[in-house]
Number of protein chains: 2
Amino acid sequence: MAARKGNLMSVRTDVKVFDATVRDGGLCNNFEFTDEFVTELYKTNIKSGVDYMEFGYRASKKMFDVNKFGKWKFCDESDIRNIVGENISDLKISVMADVGRCDFKEDFVPKAESVIDMVRVACYIHQIPAAIEMIEYFHALGYETTCNIMAISQAANDQIDEALDMLGQSSVDVIYLVDSYGSLYPENAAKLAKKYLEAGGKYGKAIGFHAHNNQNLAFANTIETLSYGVSYLDATAQGMGRGAGNCQMELLLSFLRNPKYNLYSLLTFIEEYMLPLKAGGVQWGYDIQYMLTGQLNRHPREAMAFTADRRVDYCEFYKSLLDNF
Amino acid sequence: MAARKGNLMSVRTDVKVFDATVRDGGLCNNFEFTDEFVTELYKTNIKSGVDYMEFGYRASKKMFDVNKFGKWKFCDESDIRNIVGENISDLKISVMADVGRCDFKEDFVPKAESVIDMVRVACYIHQIPAAIEMIEYFHALGYETTCNIMAISQAANDQIDEALDMLGQSSVDVIYLVDSYGSLYPENAAKLAKKYLEAGGKYGKAIGFHAHNNQNLAFANTIETLSYGVSYLDATAQGMGRGAGNCQMELLLSFLRNPKYNLYSLLTFIEEYMLPLKAGGVQWGYDIQYMLTGQLNRHPREAMAFTADRRVDYCEFYKSLLDNF
């Protein structure tokens with residue numbers, strides 16, 4: 001078994017804490033955050049020592065109507081600059097670009113003209129060639145890049161091996177293990193992380209982890225993969241994210257021993273901005289319907305519909321899931 | 001490193017699932033469950049394949065006023081029989097007896113006259129001699145016994161070694177690792193579990209684990225210790241228990257591969273009985289105030305008061321905790 005890297009008291013200087021609140025959380029409120037919210041989150045991340053903040057997606061305006069989503073689905077350069085100015089801080093700025101859902105050759109300027117530092121390319125495993133095309137394009141423009149291979153719990157082992165080899169030979173900086181369905185147990189997550197880390201070691205790539213909390217394991221899986229050497233760690237304020245949500249930033253910051261990370265600023269933000277959001281009806285977080293889709297290794301869409309309909313008939317829902325295998 | 005026992009697909013026939021809903025959950029509602037609730041939970045546990053059900057404490061009626069608590073703080077033989085009759089089922093029945101808070105020599109009849117199968121003796125580590133006195137007494141009466149050493153995260157390593165040796169030489173059947181403050185990370189829990197399992201192997205004792213969910217790790221810690229050989233696993237319906245609550249029974253049953261465990265019956269119970277309880281104002285579950293006491297390895301009493309006062313000023317609370325070290 002691969003050794004753990006560091007221990008529960010040591011500082012891992014390779015760690016990068018990555019705030020995905022606006023991007024993954026945007027899936028809960030149609031990206032309709034106020035400028036005040038995003039500005040205060042930006043300031044909070046700086047004060048908390050967070051390393052990256054993702055502002056949203058840069059989705060295709062041909063495919064998605066700009067009048068039907070908040071602006072963080074598109075992340076115009078001017079909208080980001082409106083929050084961060086020239087971003088005179090150590091916090092790096094990221095946007096996500098989905099394979100097949102962005103116009104990457106039209107919508108990105110060279111890094112020298114942009115306030116964005118990193119573009120994260122999200123794809124399913126069969127889209128790796130398309131992802132690599134985008135990664136090389138963004139890399140040539142001067143951006144840091146990641147490849148976030150989603151729904152990894154449904155990929156075959158040999159597919160994953162091939163994907164890691166292909167990405168290893170690309171210009172990508174970070175390869176992300178993404179548990180989209182929240183179906184991994186820590187032992188699964190550790191096993192996959194070791195596979196990614198082995199490829200990362202061979203090709204000189206960092207490895208990241210993005211969790212979902214369907215089985216209340218988002219934080220546990222994050223620190224488990226961290227312990228073996230995963231270094232880019234996604235989290236969101238109060239775990240805000242699609243369905244059961246993500247790894248809670250407050251748990252992650254309280255776990256890390258590097259004194260640069262500061263929990264207090266985040267608690268202030270949660271009090272002032274996250275609680276009103278939740279009180280206003282935006283929904284996310286662990287619940288039984290998400291546990292069931294996670295356990296069955298399924299997309300959470302049915303659980304999200306169940307939640308949206310304010311249903312609590314878990315038994316009927318469970319039966320319907322089992323009927324639709 | 002000790003090897004894991006079994007894998008994520010195998011059945012561990014040594015596992016005993018232990019429902020502590022009425023006992024630990026009783027700390028949330030002053031043990032005021034209706035007879036209907038307890039009866040339906042009993043039936044649910046039988047249908048779900050749960051191995052043990054704890055009905056509550058058998059607390060001293062000299063120390064605690066019977067008019068000020070629900071009956072499950074005292075667990076009179078007649079009250080249990082009123083629910084289970086002669087308990088013609090495979091589900092075993094337990095009560096908990098706290099060192100220093102029960103009249104064990106007066107309040108227990110011989111096992112042959114009782115419907116109770118197991119007495120769990122709860123103590124802090126300095127009370128091990130008192131616990132052993134009780135264990136020997138209950139053992140002589142014919143009961144299965146456990147020793148639940150609480151607040152283990154505050155015990156010194158050499159104290160734990162001595163306690164395990166003393167218990168190893170006693171008549172106790174099961175030694176429980178209890179993370180009362182919810183402060184253990186999976187790595188801590190695994191390390192302690194291996195220590196307990198080593199003593200258990202030497203002396204022929206089974207090992208149990210009782211989690212608290214302060215850092216959203218109750219389920220993760222439970223399956224982590226399980227993987228190394230811990231076999232008595234405490235859980236409660238929807239994690240109902242003091243403060244942040246316990247390991248969720250629904251997560252545990254969905255994890256275990258033994259086909260005797262059945263999630264569906266539990267979902268029915270949750271729909272019909274747990275949701276109304278929560279809707280009626282009984283409070284438990286992960287929240288930031290519990291994360292903070294867990295992270296600081298503290299008793300949750302201040303977090304419970306914060307919750308009871310419906311406060312959400314996490315920052316002030318955090319500062320007050322840091323002031324009172």
Side-chain angles (χ1 to χ4, degrees), chain A residues 1 3-4 7-8 184-191 213-224 227 238-239 247-248 250-251 253-255 263-272 274-276 278-279 285-289 291-292 294-296 311-319 322, chain B residues 1 3-4 7-8 184-191 213-221 223-224 227 238-239 247-248 250-255 263-272 274-276 278-279 285-289 291-292 294-296 311-319 322:
Chain A
M1 187 187 286
R4 298 200 197 247
N7 60 48
L8 289 171
L184 299 181
Y185 295 116
E187 283 188 60
N188 305 123
K191 197 169 173 181
N213 202 34
N214 295 60
Q215 301 188 88
N216 240 357
L217 292 169
F219 173 55
N221 285 342
T222 300
I223 62 178
E224 179 71 1
S227 80
Q238 282 205 310
C247 175
Q248 292 93 335
E250 56 275 22
L251 284 168
L253 293 187
S254 74
F255 176 80
L263 179 62
Y264 190 79
S265 303
L266 177 62
L267 294 181
T268 309
F269 180 79
I270 288 173
E271 259 182 66
E272 293 181 15
M274 298 305 293
L275 295 183
K278 216 156 198 182
Y286 169 80
D287 204 344
I288 287 173
Q289 61 272 32
M291 174 194 90
L292 293 172
Q295 171 204 345
L296 296 171
R311 285 174 59 187
V312 291
D313 52 330
Y314 302 123
C315 292
E316 283 307 310
F317 180 65
Y318 188 38
K319 282 192 285 187
L322 295 176
Chain B
M1 187 188 285
R4 297 200 197 249
N7 61 47
L8 289 171
L184 299 180
Y185 294 115
E187 284 187 59
N188 305 124
K191 198 169 172 181
N213 202 33
N214 295 59
Q215 301 189 87
N216 240 358
L217 293 169
F219 173 54
N221 285 342
I223 62 177
E224 180 71 1
S227 80
Q238 281 204 310
C247 174
Q248 291 93 335
E250 56 274 23
L251 284 168
L252 184 60
L253 292 187
S254 75
F255 176 81
L263 180 62
Y264 189 80
S265 303
L266 176 62
L267 294 181
T268 309
F269 179 79
I270 288 173
E271 260 183 67
E272 293 180 14
M274 298 305 293
L275 295 182
K278 214 155 199 184
Y286 168 80
D287 204 344
I288 287 174
Q289 60 274 31
M291 174 194 89
L292 294 171
Q295 171 202 345
L296 296 171
R311 286 174 58 187
V312 291
D313 52 329
Y314 302 123
C315 292
E316 284 306 312
F317 180 65
Y318 189 38
K319 282 192 286 187
L322 295 176

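Numbered from 1 within each chain, the chains take letters A, B, ... in sequence-line order. Treat the numbers as computed from the prediction; the structure is a model and nothing was measured.
Heavy-atom distances place the side chain of B:Gln295, and not its backbone, under 4.5 Å from chain A. Heavy-atom distances place the side chain of B:Tyr185, and not its backbone, under 4.5 Å from chain A. Both the backbone and the side chain of A:Leu251 come within contact range of chain B, judged by heavy atoms closer than 4.5 Å.
When B:Gly294, B:Ser254, B:Ala220 are compared by the number of non-hydrogen pairs under 4.5 Å with chain A, B:Ser254 comes out ahead. Ranked by heavy-atom pairs shorter than 4.5 Å toward chain B, the options A:Asn221, A:Thr268, A:Leu263, A:Asn7 are led by A:Leu263.
A distance of 11.5 Å separates CD of A:Glu316 from CG of B:Leu267, quoted to the nearest 0.5 Å. For the atom pair CD1 (B:Ile270) and CD1 (A:Ile288), the distance works out to 3.5 Å, reported to the nearest 0.5 Å.
Pairing each heavy atom of A:Glu271 with each of B:Cys315, the nearest pair is OE2-N, 2.8 Å.
Under the side chain to side chain donor-acceptor pair (under 3.5 Å) criterion, B:Gln238 pairs with no residue, sequence neighbours left out.
Atom NZ of B:Lys278 sits in a crowded spot, with more than 12 heavy atoms from other residues, nucleotides or ligands closer than 6.0 Å.
Using a 30° and 60° split on the angle between ring planes, A:Tyr264 and B:Tyr318 fall in the parallel class, below 30°.
Contact annotation: the side chain of B:Gln248 approaches that of A:Tyr286 to within less than 4.5 Å [non-hydrogen atoms, C-beta and beyond].
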